[in-house]
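Below, chains carry the letters A, B, ... as their sequence lines are ordered, and counting in each starts from 1. Just so it is clear, the model here is predicted, and its values are computed rather than measured. The figures here come from the full heavy-atom set of this structure, side chains too, leaving out hydrogens, waters and symmetry mates.
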Amino acid sequence: MASPAEELERWVKGLGFRGLKLYPTYQHFYPLYARAEELGIPVIIHTGSSVFRGSRLKYGDPLFIDDLAVDFPNLVLIQVHSGRGFWYDRAFFLARLHENVYMEIAGLPPQKLLTYFPDLERNSAKVLFGSDWPGVRSIKANIEALRALPISEEAKRKVLGENAARILGVE
Amino acid sequence: MPVIDFHLRLLKYETYQPGAKGYLESVIGEDMEGYIAQIATPEVVVDMLEESGVDYAVVLAEPSPITTGMMSNEGVAEFCRASERLIPFANISLGIL
(Lines give C-alpha, C1' and ligand atoms only; values in the text may rest on other atoms or scores of the structure.)
Protein backbone atom coordinates (compact mmCIF):
# COMPACT_ATOMS: atom_id res chain seq x y z
CA MET A 1 0.00 0.00 0.00
CA ALA A 2 1.27 3.47 -0.82
CA SER A 3 2.20 5.73 2.06
CA PRO A 4 0.11 8.89 2.62
CA ALA A 5 3.02 10.95 1.26
CA GLU A 6 3.16 8.81 -1.89
CA GLU A 7 -0.59 9.11 -2.23
CA LEU A 8 -0.35 12.87 -2.04
CA GLU A 9 2.29 12.98 -4.76
CA ARG A 10 0.06 10.83 -6.97
CA TRP A 11 -2.90 13.14 -6.43
CA VAL A 12 -0.90 16.24 -7.31
CA LYS A 13 1.23 14.95 -10.19
CA GLY A 14 -1.22 12.45 -11.61
CA LEU A 15 -4.59 14.04 -11.08
CA GLY A 16 -3.88 17.75 -11.00
CA PHE A 17 -4.72 18.52 -7.38
CA ARG A 18 -3.45 21.91 -6.28
CA GLY A 19 -3.81 21.77 -2.54
CA LEU A 20 -4.52 19.56 0.43
CA LYS A 21 -7.13 19.88 3.15
CA LEU A 22 -6.74 18.24 6.55
CA TYR A 23 -9.19 17.81 9.43
CA PRO A 24 -7.10 17.41 12.58
CA THR A 25 -10.33 17.44 14.58
CA TYR A 26 -11.08 14.01 13.21
CA GLN A 27 -8.04 12.81 11.32
CA HIS A 28 -4.38 12.41 12.30
CA PHE A 29 -1.17 13.25 10.39
CA TYR A 30 2.39 14.51 9.93
CA PRO A 31 4.63 13.24 7.07
CA LEU A 32 2.31 14.85 4.55
CA TYR A 33 3.50 18.34 5.36
CA ALA A 34 7.03 17.74 4.13
CA ARG A 35 5.80 16.32 0.83
CA ALA A 36 3.31 19.16 0.38
CA GLU A 37 6.12 21.64 0.95
CA GLU A 38 8.23 19.83 -1.68
CA LEU A 39 5.32 19.86 -4.11
CA GLY A 40 4.70 23.56 -3.53
CA ILE A 41 1.01 23.20 -2.70
CA PRO A 42 -0.84 24.90 0.17
CA VAL A 43 -2.30 22.89 3.03
CA ILE A 44 -5.60 24.06 4.45
CA ILE A 45 -6.42 22.84 7.93
CA HIS A 46 -9.71 22.85 9.76
CA THR A 47 -9.48 24.92 12.94
CA GLY A 48 -12.04 25.73 15.58
CA SER A 49 -15.41 24.20 16.23
CA SER A 50 -17.41 21.68 14.27
CA VAL A 51 -21.00 20.82 15.09
CA PHE A 52 -20.76 17.33 13.67
CA ARG A 53 -20.89 14.29 15.93
CA GLY A 54 -17.50 12.57 16.13
CA SER A 55 -15.45 15.74 15.94
CA ARG A 56 -12.83 16.28 18.62
CA LEU A 57 -12.53 19.95 19.35
CA LYS A 58 -9.12 19.97 21.03
CA TYR A 59 -7.41 19.14 17.72
CA GLY A 60 -8.97 22.27 16.24
CA ASP A 61 -6.75 24.51 18.34
CA PRO A 62 -4.82 26.72 15.89
CA LEU A 63 -1.88 26.73 18.26
CA PHE A 64 -0.79 23.37 16.80
CA ILE A 65 -0.16 25.19 13.52
CA ASP A 66 2.60 27.18 15.18
CA ASP A 67 4.78 24.04 15.13
CA LEU A 68 4.03 23.46 11.45
CA ALA A 69 4.81 27.04 10.52
CA VAL A 70 8.20 26.75 12.20
CA ASP A 71 9.04 23.27 10.90
CA PHE A 72 7.86 23.92 7.31
CA PRO A 73 8.66 27.57 6.58
CA ASN A 74 8.05 27.23 2.84
CA LEU A 75 4.65 25.57 3.23
CA VAL A 76 1.59 27.82 2.95
CA LEU A 77 -0.73 26.91 5.85
CA ILE A 78 -4.34 28.07 5.84
CA GLN A 79 -6.46 28.04 9.00
CA VAL A 80 -9.94 27.11 7.80
CA HIS A 81 -12.70 28.85 9.82
CA SER A 82 -10.06 31.03 11.51
CA GLY A 83 -10.22 29.17 14.83
CA ARG A 84 -14.02 29.46 14.95
CA GLY A 85 -15.39 29.65 18.50
CA PHE A 86 -12.97 30.55 21.24
CA TRP A 87 -9.73 30.59 19.20
CA TYR A 88 -10.28 33.58 16.92
CA ASP A 89 -7.52 35.48 18.69
CA ARG A 90 -5.04 32.64 18.24
CA ALA A 91 -5.76 32.24 14.54
CA PHE A 92 -5.41 35.97 14.01
CA PHE A 93 -2.18 36.14 15.99
CA LEU A 94 -0.62 33.20 14.14
CA ALA A 95 -1.47 34.71 10.76
CA ARG A 96 0.17 37.95 11.88
CA LEU A 97 3.20 36.18 13.32
CA HIS A 98 4.07 33.70 10.58
CA GLU A 99 4.65 34.75 6.99
CA ASN A 100 3.36 31.39 5.73
CA VAL A 101 0.14 31.23 7.79
CA TYR A 102 -3.22 32.52 6.56
CA MET A 103 -6.78 32.56 7.91
CA GLU A 104 -9.83 31.55 5.90
CA ILE A 105 -13.31 32.71 6.90
CA ALA A 106 -15.65 29.99 5.62
CA GLY A 107 -18.49 29.33 8.02
CA LEU A 108 -18.26 32.76 9.66
CA PRO A 109 -21.00 35.34 9.03
CA PRO A 110 -19.15 38.08 7.10
CA GLN A 111 -21.11 40.81 8.86
CA LYS A 112 -19.59 39.60 12.15
CA LEU A 113 -15.97 39.64 11.02
CA LEU A 114 -15.09 42.91 12.74
CA THR A 115 -16.61 41.58 15.95
CA TYR A 116 -14.39 38.53 15.79
CA PHE A 117 -11.36 40.40 14.37
CA PRO A 118 -11.46 44.11 15.26
CA ASP A 119 -8.06 44.63 13.58
CA LEU A 120 -9.04 42.80 10.39
CA GLU A 121 -7.72 45.64 8.25
CA ARG A 122 -4.19 45.23 9.61
CA ASN A 123 -4.18 41.56 8.68
CA SER A 124 -6.03 41.83 5.38
CA ALA A 125 -3.08 40.47 3.39
CA LYS A 126 -3.48 37.17 5.27
CA VAL A 127 -7.25 36.63 5.13
CA LEU A 128 -9.03 34.49 2.51
CA PHE A 129 -12.71 34.48 1.60
CA GLY A 130 -14.51 31.14 1.67
CA SER A 131 -18.21 30.33 1.80
CA ASP A 132 -18.61 26.70 2.96
CA TRP A 133 -21.27 26.38 0.25
CA PRO A 134 -23.74 24.62 0.20
CA GLY A 135 -23.59 25.13 3.96
CA VAL A 136 -24.61 28.72 3.25
CA ARG A 137 -27.60 29.57 1.13
CA SER A 138 -25.94 32.24 -1.01
CA ILE A 139 -22.29 32.91 -1.78
CA LYS A 140 -23.37 36.17 -3.39
CA ALA A 141 -24.99 37.37 -0.16
CA ASN A 142 -21.78 36.62 1.76
CA ILE A 143 -19.71 38.57 -0.75
CA GLU A 144 -22.09 41.51 -0.51
CA ALA A 145 -21.95 41.41 3.30
CA LEU A 146 -18.17 41.46 3.17
CA ARG A 147 -18.18 44.36 0.72
CA ALA A 148 -20.41 46.30 3.13
CA LEU A 149 -17.90 46.13 5.99
CA PRO A 150 -16.33 49.45 7.07
CA ILE A 151 -12.82 48.54 5.91
CA SER A 152 -10.82 49.86 2.97
CA GLU A 153 -11.54 48.81 -0.60
CA GLU A 154 -7.97 47.56 -0.82
CA ALA A 155 -8.55 45.25 2.14
CA LYS A 156 -11.76 43.92 0.60
CA ARG A 157 -9.97 43.18 -2.68
CA LYS A 158 -7.28 41.27 -0.85
CA VAL A 159 -9.70 39.19 1.19
CA LEU A 160 -12.08 38.47 -1.68
CA GLY A 161 -9.46 37.27 -4.13
CA GLU A 162 -6.05 38.87 -4.37
CA ASN A 163 -4.55 36.85 -1.54
CA ALA A 164 -6.02 33.60 -2.84
CA ALA A 165 -4.90 34.36 -6.41
CA ARG A 166 -1.34 34.77 -5.20
CA ILE A 167 -1.46 31.43 -3.36
CA LEU A 168 -3.17 29.53 -6.18
CA GLY A 169 -1.23 31.13 -9.02
CA VAL A 170 -4.28 32.39 -10.90
CA GLU A 171 -5.18 35.82 -12.26
CA MET B 1 -9.38 41.61 -9.33
CA PRO B 2 -10.52 37.99 -9.16
CA VAL B 3 -13.02 36.86 -6.57
CA ILE B 4 -12.09 33.45 -5.18
CA ASP B 5 -14.10 31.20 -2.88
CA PHE B 6 -11.65 28.97 -1.03
CA HIS B 7 -14.23 26.56 0.39
CA LEU B 8 -16.80 24.48 -1.48
CA ARG B 9 -17.88 21.11 -0.09
CA LEU B 10 -19.78 18.74 -2.35
CA LEU B 11 -20.62 15.60 -0.41
CA LYS B 12 -22.50 12.84 -2.16
CA TYR B 13 -26.12 12.90 -0.94
CA GLU B 14 -26.25 9.22 -0.07
CA THR B 15 -23.22 9.55 2.22
CA TYR B 16 -24.46 12.44 4.39
CA GLN B 17 -24.31 11.59 8.07
CA PRO B 18 -27.30 12.59 10.26
CA GLY B 19 -25.61 15.59 11.85
CA ALA B 20 -24.38 17.03 8.57
CA LYS B 21 -27.70 16.28 6.90
CA GLY B 22 -29.64 18.01 9.66
CA TYR B 23 -27.40 21.03 9.47
CA LEU B 24 -27.75 21.38 5.73
CA GLU B 25 -31.51 20.93 5.91
CA SER B 26 -31.65 23.75 8.45
CA VAL B 27 -29.75 25.99 6.02
CA ILE B 28 -31.53 25.24 2.78
CA GLY B 29 -35.01 24.76 4.24
CA GLU B 30 -36.27 22.50 1.52
CA ASP B 31 -36.06 18.96 0.22
CA MET B 32 -32.40 18.17 0.62
CA GLU B 33 -32.18 15.23 -1.76
CA GLY B 34 -33.63 17.30 -4.57
CA TYR B 35 -31.41 20.25 -3.75
CA ILE B 36 -28.22 18.17 -3.68
CA ALA B 37 -29.18 16.44 -6.93
CA GLN B 38 -29.75 19.83 -8.48
CA ILE B 39 -26.29 21.16 -7.55
CA ALA B 40 -24.41 17.93 -8.18
CA THR B 41 -23.05 18.82 -11.61
CA PRO B 42 -20.09 21.07 -12.35
CA GLU B 43 -22.11 22.97 -14.93
CA VAL B 44 -24.66 24.02 -12.30
CA VAL B 45 -21.93 24.97 -9.84
CA VAL B 46 -20.06 27.03 -12.43
CA ASP B 47 -23.30 28.82 -13.35
CA MET B 48 -23.92 29.52 -9.67
CA LEU B 49 -20.38 30.91 -9.31
CA GLU B 50 -20.89 33.10 -12.34
CA GLU B 51 -24.17 34.40 -10.95
CA SER B 52 -22.46 35.05 -7.61
CA GLY B 53 -19.56 36.95 -9.15
CA VAL B 54 -16.98 34.30 -8.21
CA ASP B 55 -14.14 33.66 -10.68
CA TYR B 56 -12.58 30.58 -9.08
CA ALA B 57 -13.58 28.17 -6.34
CA VAL B 58 -11.60 25.59 -4.39
CA VAL B 59 -13.48 22.29 -4.28
CA LEU B 60 -12.62 20.16 -1.28
CA ALA B 61 -12.46 16.40 -1.10
CA GLU B 62 -13.95 15.09 2.13
CA PRO B 63 -13.48 11.40 2.96
CA SER B 64 -15.07 11.67 6.42
CA PRO B 65 -17.66 8.87 6.55
CA ILE B 66 -18.22 9.00 10.32
CA THR B 67 -18.66 12.71 10.88
CA THR B 68 -19.99 14.39 7.73
CA GLY B 69 -19.96 12.20 4.63
CA MET B 70 -18.00 11.38 1.53
CA MET B 71 -16.58 13.17 -1.46
CA SER B 72 -13.60 11.20 -2.72
CA ASN B 73 -10.46 12.60 -4.25
CA GLU B 74 -11.37 10.85 -7.49
CA GLY B 75 -14.80 12.47 -7.40
CA VAL B 76 -13.34 15.95 -6.89
CA ALA B 77 -10.76 15.43 -9.64
CA GLU B 78 -13.47 14.42 -12.09
CA PHE B 79 -15.76 17.26 -11.01
CA CYS B 80 -13.07 19.90 -11.47
CA ARG B 81 -12.03 18.66 -14.91
CA ALA B 82 -15.13 20.38 -16.24
CA SER B 83 -13.82 23.90 -15.72
CA GLU B 84 -10.57 25.69 -14.94
CA ARG B 85 -12.61 27.79 -12.50
CA LEU B 86 -12.91 24.75 -10.22
CA ILE B 87 -9.68 24.09 -8.31
CA PRO B 88 -9.36 20.64 -6.69
CA PHE B 89 -7.95 20.17 -3.19
CA ALA B 90 -7.25 16.62 -2.03
CA ASN B 91 -7.85 15.17 1.39
CA ILE B 92 -6.00 12.26 2.91
CA SER B 93 -7.46 10.55 5.95
CA LEU B 94 -4.90 8.11 7.25
CA GLY B 95 -7.51 5.50 8.05
CA ILE B 96 -9.15 5.34 4.62
CA LEU B 97 -6.64 5.72 1.79
Side-chain angles (χ1 to χ4, degrees), chain A residues 1-5 7-8 11-12 14-23 25-29 32 41-42 44 50-55 78 80-81 104-107 128-144 157-158 160-165 167-168 170-171, chain B residues 1-11 17-24 26-29 32 35-36 38-39 45 48-49 51-69 73-74 76-78 80-81 84-85 87-97:
Chain A
M1 177 187 279
S3 71
E7 280 292 311
L8 177 62
W11 294 121
V12 172
L15 287 168
F17 279 90
R18 291 160 66 180
L20 175 68
K21 180 173 184 189
L22 302 176
Y23 282 91
T25 45
Y26 41 90
Q27 299 172 343
H28 308 278
F29 316 91
L32 290 171
I41 61 167
I44 71 174
S50 173
V51 298
F52 303 124
R53 186 181 295 271
S55 300
I78 299 170
V80 177
H81 310 306
E104 183 251 52
I105 58 170
L128 306 171
F129 172 72
S131 67
D132 215 358
W133 186 87
V136 297
R137 190 70 172 132
S138 167
I139 298 175
K140 188 176 186 179
N142 275 19
I143 292 172
E144 288 171 354
R157 284 198 306 272
K158 288 177 179 174
L160 282 172
E162 282 185 6
N163 298 331
I167 291 169
L168 295 168
V170 299
E171 295 182 353
Chain B
M1 187 269 305
V3 173
I4 299 173
D5 186 336
F6 228 95
H7 200 121
L8 263 56
R9 303 164 73 181
L10 297 168
L11 299 174
Q17 293 303 294
K21 189 174 179 180
Y23 175 76
L24 189 58
S26 74
V27 170
I28 64 177
M32 184 176 152
Y35 181 72
I36 294 296
Q38 189 183 12
I39 65 172
V45 172
M48 182 276 298
L49 294 174
E51 194 273 333
S52 302
V54 176
D55 298 291
Y56 298 96
V58 168
V59 180
L60 304 169
E62 190 165 346
S64 303
I66 297 172
T67 46
T68 53
N73 288 313
E74 292 90 344
V76 167
E78 183 181 349
C80 291
R81 265 185 222 117
E84 65 175 14
R85 296 169 71 166
I87 298 175
F89 268 47
N91 182 286
I92 293 178
S93 179
L94 301 191
I96 46 172
L97 283 177

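Every residue two or more places apart in sequence or in another chain was checked for a salt bridge (charged side-chain N to carboxylate O under 4.0 Å, His left out) with B/R81, and none qualifies. Partners of A/P42 according to the side-chain contact (heavy atoms from CB on, under 4.5 Å) rule, which considers only residues two or more places apart in sequence or in another chain, are A/V76, A/I78, A/I167, B/F89.
Both the backbone and the side chain of B/E51 come within contact range of chain A, judged by heavy atoms closer than 4.5 Å. For a residue to count as touching a neighbouring chain, one of its non-hydrogen atoms must lie under 4.5 Å from one of that chain's; by this rule B/E74 touches chain A with backbone and side chain alike. Using a 4.5 Å cut-off between heavy atoms, A/E162 contacts chain B through both its backbone and its side chain. Both the backbone and the side chain of B/L8 come within contact range of chain A, each with at least one heavy atom under 4.5 Å from a heavy atom of that chain. Using a 4.5 Å cut-off between heavy atoms, B/V59 makes no contact with chain A at all. For A/L20, the parts lying under 4.5 angstrom from a heavy atom of chain B are both the backbone and the side chain. Looking at A/L128, only its side chain comes within 4.5 Å of chain B, counting heavy atoms on both sides. Proximity to chain A (any heavy atom under 4.5 Å) is restricted, for B/L49, to the side chain, taken from C-beta onward.
Closest of all the heavy-atom pairs between A/E7 and B/I92 is CB-CD1, 4.1 Å. A/G16 approaches B/P88 most closely through the heavy-atom pair O-CG, 3.6 Å.
A donor-acceptor distance shorter than 3.5 angstrom exists from the side chain of B/Y56 to the backbone of A/E171, with no hydrogens or angles considered.
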| task | Quick one: do B/I39 and A/W133 satisfy side-chain contact (heavy atoms from CB on, under 4.5 Å)? Show the steps, please. | result | CA-CA 11 Å; B/I39 65 172; A/W133 186 87; 3.6 Å; yes
| task | For side-chain contact (heavy atoms from CB on, under 4.5 Å), just list the numbers for A/F129 and B/H7, CA-CA rounded to whole Å, side-chain angles, deciding distance to a tenth of an Å, and then say yes or no. | result | CA-CA 8 Å; A/F129 172 72; B/H7 200 121; over 6 Å; no
| request: I would like to know whether A/F17 and B/I87 meet side-chain contact (heavy atoms from CB on, under 4.5 Å); could you show each step before the answer? | output: CA-CA 8 Å; A/F17 279 90; B/I87 298 175; over 6 Å; no
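Looking only at heavy-atom pairs under 4.5 Å with chain A, the residue among B/M48, B/E84, B/Q17 that has the most is B/M48. Contact count versus chain B (heavy atoms, under 4.5 Å) is highest, among A/V80, A/L168, A/L15, A/D132, for A/D132. Ranked by non-hydrogen atom pairs under 4.5 Å with chain A, the options B/A77, B/G53, B/P18 are led by B/A77.
Side-chain contact check for A/P134 versus B/L24: some heavy-atom pair is nearer than 4.5 Å. Two residues are said to be in side-chain contact when any heavy atoms from C-beta on lie closer than 4.5 Å; A/I44 and B/L60 meet this criterion.
Checked against B/I4 for a side-chain contact (heavy atoms from CB on, under 4.5 Å), the options A/V170, A/N163, A/L160 give a single hit: A/V170.
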